[in-house]
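Written out below as structure tokens is the structure these notes cover.
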Amino acid sequence: MSCHVSTLLSKGFRPLMSGHRVVDLARMYSLLGRVGGTDALREEWRQYIVAAGMAIVKDEANVSRAGRGVLFGIWDIAGAVGNLISCHH
């Protein structure tokens, strides 16, 4: 299973995050924890957050609203991340 960690993350993580599929993400976390894949999961999560933030900042519709769209977009990401973290503590 450990040889498939990168494939599992590259094909499955972003759709789960985008779909707010917390239960499935918890299963993925548990599975990857058993095979030493949590560092790879952490890196994929970091990349997802950075990419989502950059997409919000680069969206001209957000920028044209005097930055309010950017603020609310980042706030949405922070809320999603916070919800995910609170499910594991």
Side-chain angles (χ1 to χ4, degrees):
M1 178 64 196
S2 60
C3 62
H4 300 290
V5 168
S6 64
T7 302
L8 181 63
L9 288 172
S10 68
K11 296 185 185 254
F13 180 76
R14 289 177 187 255
L16 294 178
M17 280 297 292
S18 297
H20 306 287
R21 296 177 58 186
V22 176
V23 173
D24 293 328
L25 286 163
R27 274 192 211 112
M28 179 182 278
Y29 178 80
S30 177
L31 177 66
L32 293 177
R34 294 178 193 163
V35 297
T38 53
D39 287 341
L41 176 61
R42 188 176 304 117
E43 178 58 23
E44 189 68 27
W45 193 19
R46 184 193 69 77
Q47 290 176 13
Y48 174 84
I49 293 168
V50 169
M54 292 302 293
I56 291 167
V57 170
K58 289 181 178 181
D59 184 355
E60 292 196 25
N62 287 330
V63 174
S64 67
R65 291 184 292 213
R68 286 190 59 178
V70 172
L71 176 64
F72 289 122
I74 299 294
W75 203 345
D76 286 343
I77 293 171
V81 169
N83 286 338
L84 189 59
I85 290 170
S86 68
C87 290
H88 294 296
H89 291 276

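- Atom CD1 of Ile49 sits about 9.5 Å away from atom CZ of Arg46, to the nearest 0.5 Å.
- Taking both residues in full, the closest heavy atoms of Val5 and Ala40 are given as CG1-CB, 3.9 Å, listed atom of the first, atom of the second, then distance.
- Put simply, the side chain of Met17 does not reach to within 4.5 Å of the side chain of Glu44, judged on heavy atoms.
- We find the CG-OG1 distance between Leu31 and Thr38 to be 11.5 Å, quoted to the nearest 0.5 Å.
- Considering only heavy atoms from C-beta on, Phe13 comes within 4.5 Å of Leu25 through its side chain.
- By the 4.5 Å heavy-atom criterion applied to side chains, Val22 and Leu16 are not counted as neighbours.
- Between the side chain of Ser10 and the backbone N or O of Ser6, at least one donor-acceptor pair lies under 3.5 Å.
- For the pair Arg14/Gln47, a side-chain contact is recorded, criterion being any heavy-atom separation below 4.5 Å from C-beta on.
- The minimum heavy-atom distance linking Met28 with Gly12 is given by the pair CE-C, 4.0 Å.
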